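Following: one structure in structure tokens, then a few remarks.
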Amino acid sequence: MSSAAKRYAMAVDTRRCVGCNACVIGCKTENALPEGGFRDWIVQEVWGTFPDLAMQIRSERCNHCSETPCVAACPTGASHVADGGAVLVNPAKCTGCKACMAACPYGARYVHPGGHVDKCTFCLHRVARGDDPACVEICPTRSLTFGDTNDPDSAVARLLRARRHEVVRPEAGTEPNVFFLV
Amino acid sequence: MAIGRRRFIQIGAAGAGAVAASGLATRFWGLDGDPVPDPRTDGDKVVATYCELCFWGCGVLAHVKGGRVTKLTGNPHHPLSNGLLCPRGAGATGLLYDPDRLKRPLLRRGKRGEDVFEEVSWDAALNETAARLEDVAARHGPEAVALFTHGSGGAWFKQFMKAWGSPNVGAPSYAQCRGPREAAFTVTYGTPLGSPEPLDLANARCITLIGSHLGENMHNTQVQELAEAIGKGAGLVVVDPRFSVAASKAKYWLPVKPGTDIALLLAWMNVLVEERLYDAEYVARHTAGFDELKAHVADKTPEWAWAITGLRPELIRASARFIGGARPASLVHPGRHTVWYGDDTQRERAMAILAALLGSWGRRGGYLAQARFPLAPYPLPDGLPHHPGERAKADLPRSGGYPLATEVLANGLCDATQPGHALYDLKAWIVYGCNLVQAMPARQELVEKMQHLDFLVAVDVLPSEICGWADVVLPEATYLERDDDLSAPAYKRPFVAIRQPAVAPMYDSRPGWWIAKELATRVGLAAWFPWKDAQAYVATRLAASGLSHEALAEKGVLLGKVEPTCEEEGLPVSAATDDGKIQLFSKELAALGFEPLPSYHPQEEGAAGTFRLLSGRAPLHTFGRTVNNRLLAEPYPENEVWLNADAARSLPGFELRPLEQGEKVVLVNQDGVRSTPVRAKLTQRIRGDCVYLVHGFGQTARKLSYAYGRGASDSALTSRYKVDPIMGGTGMNVNFVRVERAGEAA
């Protein structure tokens with residue numbers, strides 16, 4: 001199966017990103033998220049004291065980790081690893097017990113008013129037809145690049161080879177697949 | 001890797017795929033498949049139109065499913081969106097489905113300003129409006145009616161005013177926003193910049209932002225180009241008392257003392273001239289007055305500017321050398337909201353002169369030439385009936401002044417309601433789509449001026465603050481529910497875009513074209529609106545221009561001819577001034593009694609323990625227009641007052657219990673005006689002598705049920721303003737506030 005060889009990942013260019021939240025609103029409308037529900041969000045991290053300051057702006061979402069504490073914690077099998085390594089929740093199997101939320105080091109999940117836990121899907125419904133995730137498509141600064149890191153010619157693989165990058169909380173040992181270009 | 005329990009269940013699930021695909025859950029989890037969730041928000045119908053969540057006018061695609069707009073995406077063909085959107089554009093459904101929208105016409109029942117209304121029919125509301133306007137015209141002449149307008153639907157009301165016979169048509173987007181810039185560039189280069197500005201950010205090697213906070217100020221195309229420039233390795237120089245998002249990406253951040261920008265600009269010019277970093281050949285060929293400029297800046301050294309701006313001379317020199325080193329692709333961004341200190345035309349002049357020294361006007365990576373898509377006007381018949389209004393506009397005081405105003409002054413139109421202030425008094429206002437209560441400084445004065453009016457009609461989508469002061473409120477349909485005139489602003493790539501409805505108007509709201517036409521009909525001016533509807537109007541214009549309505553409706557935008565936009569593309573550098581030269585030294589200003597070269601004059605300081613109040617933008621919001629939009633407000637529901645964390649430790653009144661992060665405070669200005677409670681953001685990202693609020697919050701309109709009472713309004717605290725003597729803009733960064741803990745008496 002060719003899809004088994006795919007490893008979906010995202011590169012977020014923190015130099016380009018201005019933290020405008022277009023990714024957040026684009027996600028909310030694409031995925032018809034409920035009020036209070038977010039699958040992605042903006043973090044501004046500031047270092048230093050006036051006037052010697054630095055700031056990193058990150059568009060964050062589920063890291064679709066290679067090691068998945070959320071899947072391990074799920075008692076019903078609702079949290080699972082899908083095509084390309086994307087971590088999904090099957091709402092039909094989810095009881096809303098929040099074990100996955102406790103296990104996730106990134107706070108990437110929330111409880112949907114429908115009673116299940118919801119999170120970023122990498123927009124697999126769009127990816128399946130060859131489109132980028134909604135956040136990637138809308139981003140006015142073109143900060144987001146999605147693709148298959150197992151394909152050395154993909155834009156994301158090239159970027160990750162060319163640019164220095166980091167992940168959020170590497171010490172959690174989850175091997176994230178959302179990379180922040182610095 | 002060993003097969004764990006879950007993997008085993010997944011294997012089991014694959015066998016049950018047929019059950020899951022048929023939509024039948026087995027109720028036995030292990031046997032259910034894991035389908036890829038599809039929210040199915042793609043439209044059955046996709047309508048191309050242009051956005052109105054701000055005034056940039058990006059091309060959007062509205063996805064419509066089951067009669068509802070599900071989402072908006074960028075139109076890839078439109079040169080302002082290039083397929084990408086800012087959050088506001090993406091969040092337009094939050095406006096369309098805002099439960100607080102104006103739903104039916106309203107007639108005032110209480111006292112003016114009490115916000116007590118009765119719902120009436122369109123007939124009743126329009127008849128009342130027509131009768132009241134005619135009464136004003138009969139008693140005071142048609143010119144006694146003024147129109148304030150912001151937004152594309154305003155075009156229909158401008159047409160009404162033309163028919164009606166009043167020249168008093170203004171917008172706060174001039175004298176409360178970009179006016180000083182337009183005046184300064186007109187003096188220097190012979191042309192205002194307009195919107196969208198013809199800047200070549202994408203190809204700049206150095207971008208200098210002076211108080212402009214692109215990235216938070218979210219004009220889509222400019223932010224796209226800024227990111228592109230950063231991606232290509234361009235360097236940013238950011239002058240801002242606040243460590244803005246742009247500052248965080250800058251090679252040089254200059255945390256200038258507020259109000260001293262002109263001193264910095266002169267010092268930069270001093271370095272460019274002294275070190276011969278300016279484009280001597282360009283200056284010799286294309287400019288006039290260099291010798292005067294050279295003498296003027298000779299003693300404006302970085303050391304001189306240090307004491308004024310608080311910026312180290314080494315920083316001023318290093319940034320000047322960087323700016324000079326990147327020329328001509330060294331873009332000094334002209335800014336947009338430029339009404340700060342009342343000497344704003346002179347500051348913008350200094351920026352325009354700096355751009356000329358860098359040789360960036362007419363060059364790649366600088367200021368480009370722009371053109372309009374050629375479109376025929378609607379052919380109106382001759383001999384249309386006309387009111388006899390012959391008087392000049394009333395936006396100036398009787399004593400005159402503001403000789404270089406290039407547009408009508410909205411503040412002047414407000415002043416003209418004050419009996420005897422202008423050549424004649426304004427007696428009625430039509431306010432289309434602009435909340436003057438937040439747009440204008442000195443709210444108390446505005447309220448008093450409105451009480452002098454015989455009649456005020458507001459046309460709006462939401463029950464904004466100004467609606468509360470109206471006699472009649474007319475509910476307009478949102479941009480997603482209406483046709484409008486074509487959008488074809490001057491731009492580096494000419495284009496024409498179409499506005500068309502994605503869904504029918506909700507409630508009893510009506511498009512602006514319909515309201516204006518109905519109003520005109522009721523005052524005997526129907527002949528000025530001969531079109532059946534806006535679609536017919538647009539069709540006629542397109543046919544007269546030899547364009548296909550069908551193709552435009554399908555694609556949303558048509559592109560004009562590619563013309564050279566800069567010297568590198570074969571277009572000679574030129575200025576539209578009288579002598580064709582860029583006016584470094586302005587004889588025009590000198591003749592009018594103004595300084596022909598910009599000079600630094602100290603601004604008034606605040607009392608001890610007070611902070612200069614500054615304001616700006618958040619990327620999710622367009623002034624106060626979006627603060628009730630639930631979708632956009634979710635990530636940014638209220639503003640915070642930015643306060644330097646170290647300064648907060650020594651705040652007067654907080655000795656016993658220091659101010660904490662996120663605690664609510666009240667800001668009290670020099671005139672005793674108190675803000676609504678607002679959370680304190682204690683941060684290193686701002687100087688200790690100023691505080692910062694994002695504009696648009698602190699809404700006093702109760703009918704904006706979400707936004708009401710959230711955050712604080714900078715404009716409510718702007719009880720003082722300093723008028724720019726050159727063009728009449730209202731400088732608003734001249735107010736000082738002290739900080740009080742919320743809930744504690746003064």
Side-chain angles (χ1 to χ4, degrees), chain A residues 13 15-26 28-33 35-38 41-42 44 46 48-57 71-72 74 76-83 86 88-93 118 121 124-128 134 137-143, chain B residues 4-6 9-10 13 25 29-30 32-41 70-74 83-91 93 214-216 218 220 223-224 226-228 230-231 243 245-249 253 255 619-620 630-632 634-636 644 646 683-688:
Chain A
D13 192 334
R15 287 200 212 166
R16 296 179 76 116
C17 177
V18 296
C20 76
N21 281 279
C23 49
V24 175
I25 305 299
K28 288 206 67 149
T29 52
E30 169 68 26
N31 293 301
L33 299 189
E35 202 167 332
F38 294 97
W41 59 93
I42 297 294
Q44 291 187 342
V46 182
T49 52
F50 182 93
D52 303 306
L53 292 161
M55 180 163 73
Q56 187 180 67
I57 304 173
V71 173
C74 177
T76 69
S79 280
H80 63 280
V81 178
D83 189 31
L88 301 187
V89 177
N90 182 342
K93 293 181 185 174
D118 191 51
T121 63
L124 283 192
H125 64 287
R126 297 173 55 94
V127 173
E137 186 190 70
I138 201 163
C139 176
T141 59
R142 295 187 171 92
S143 298
Chain B
R5 185 179 66 89
R6 254 159 303 277
I9 290 173
Q10 277 182 337
W29 290 330
D32 283 343
D34 288 318
V36 169
D38 187 347
R40 299 184 200 287
T41 50
T70 51
K71 64 180 173 187
L72 294 122
T73 56
L84 316 174
L85 285 187
C86 88
R88 299 162 302 171
T93 50
L214 264 188
E216 287 155 287
M218 203 58 209
N220 190 356
V223 176
Q224 288 181 27
L226 177 73
E228 193 180 334
I230 290 170
F243 190 66
V245 162
S248 78
K249 299 180 182 301
W253 172 44
L620 283 149
R630 269 82 166 162
L631 196 49
L632 294 176
E634 255 194 273
Y636 198 94
N644 179 280
D646 297 327
T683 177
Q684 293 291 334
R685 290 176 58 192
I686 191 165
R687 285 174 60 96

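Please read all numbers here as calculations on a predicted model, not as lab measurements. Letters go in sequence order (proteins before strands), and every chain restarts at 1. Heavy-atom basis, side chains included; hydrogens, waters and symmetry copies ignored.
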Original post:
Quick one: does B:Glu228's side chain get under 4.5 Å of A:Arg16's, heavy atoms only?
Top reply: yes
Original post:
Given side chains that start at C-beta, do those of A:Ile25 and B:Leu631 come closer than 4.5 Å, heavy atoms only?
Top reply: yes
Original post:
Under a 4.5 Å cut-off applied to non-hydrogen side-chain atoms, are B:Leu72 and A:Thr29 in contact?
Top reply: no
Subject >> Option in A:Gly19, A:Ala54, A:Ala32 with maximal non-hydrogen atom pairs under 4.5 Å from chain B >> reply: A:Ala54
Original post:
Is A:Glu137 close to B:Thr73 at the side-chain level, that is, under 4.5 Å between some pair of heavy atoms?
Top reply: yes
Original post:
How about A:Val18 and B:Val223: do any of their side-chain heavy atoms sit closer than 4.5 Å?
Top reply: yes
**OP:** Compare all side-chain heavy atoms of A:Asp52 with those of B:Gln684 and state whether any distance is below 4.5 angstrom.
**Re:** no
Subject >> Residue selection (most heavy-atom pairs with chain B, distance under 4.5 Å) from A:Asn21, A:Val89, A:Thr121 >> reply: A:Asn21
Original post:
Should B:Leu84 and A:Arg142 count as side-chain neighbours, where that means a heavy-atom distance under 4.5 Å?
Top reply: yes
Subject >> chain A contact via B:Asp646 - side chain, backbone, both or neither, heavy atoms under 4.5 Å >> reply: neither
Original post:
Could you state the interatomic distance from CZ (B:Arg40) to CG (A:Asn31), rounded to the nearest 0.5 Å?
Top reply: 12.5 Å
Subject >> Heavy-atom pair count under 4.5 Å with chain A, highest-scoring of B:Gly688, B:Gly89, B:Pro635 >> reply: B:Pro635
Original post:
Are there more than 12 heavy atoms of other residues, nucleotides or ligands under 6.0 Å from atom CZ of A:Arg15?
Top reply: no
Original post:
How long is the span from the CG atom in B:Asn644 to the OG1 atom in A:Thr49, to the nearest 0.5 Å?
Top reply: 10.0 Å
Original post:
Of the non-hydrogen atoms in A:Pro140 and B:Gln224, which two are nearest, and what is the gap between them?
Top reply: O-CG, 2.9 Å
**OP:** Return yes if some donor-acceptor pair links the side-chain N/O of A:Asn90 with the main-chain N/O of B:Gly33 below 3.5 Å, else return no.
**Re:** yes
Subject >> chain B contact via A:Leu88 - which portion, at a heavy-atom distance below 4.5 Å >> reply: side chain
Original post:
What distance do B:Ile686 atom CD1 and A:Leu53 atom CG have between them, rounded to the nearest 0.5 Å?
Top reply: 11.5 Å
Subject >> Exercise: identify the closest heavy-atom pair between A:Ala22 and B:Cys86 >> reply: CB-C, 3.9 Å
**OP:** Mind checking the SG-CZ spacing from A:Cys20 to B:Arg88? Nearest 0.5 Å is all I need.
**Re:** 9.0 Å
**OP:** Just do the side chain to side chain donor-acceptor pair (under 3.5 Å) check on A:Gln44 and B:Arg685 with the steps written out, would you?
**Re:** CA-CA 12 Å; A:Gln44 291 187 342; B:Arg685 290 176 58 192; 3.2 Å; yes
Subject >> Non-neighbouring partners of A:Phe50 that pass ring-ring contact (aromatic ring centres under 6.0 Å, His included), sequence neighbours left out >> reply: B:Trp253
Subject >> Top contributor to chain A interface from B:Leu214, B:Thr683, B:Val36, B:Asn220 [non-hydrogen pairs under 4.5 Å] >> reply: B:Val36
Original post:
If you round to the nearest 0.5 Å, how far is CD1 of A:Ile57 from OG of B:Ser248?
Top reply: 4.5 Å
Subject >> Non-neighbouring partners of A:Ala134 that pass side-chain contact (heavy atoms from CB on, under 4.5 Å), sequence neighbours left out >> reply: A:Glu30, A:Cys123, A:Arg126
**OP:** Check whether any side-chain heavy atom of B:Glu634 lies under 4.5 Å from a side-chain heavy atom of A:Lys28, and answer yes or no.
**Re:** yes
**OP:** Check each atom of B:Thr93 against the heavy atoms of chain A and say whether the ones under 4.5 Å are side chain, backbone, both or neither.
**Re:** side chain
Subject >> Contacting moiety of A:Cys23, where chain B heavy atoms sit under 4.5 Å >> reply: neither
Subject >> Which of B:Leu85, B:Val245, B:Asp38, B:Ile230 touches chain A most, by non-hydrogen pairs under 4.5 Å >> reply: B:Leu85
Original post:
What's the spacing between B:Lys71 NZ and A:Ile138 CD1 if we round to 0.5 Å?
Top reply: 9.5 Å
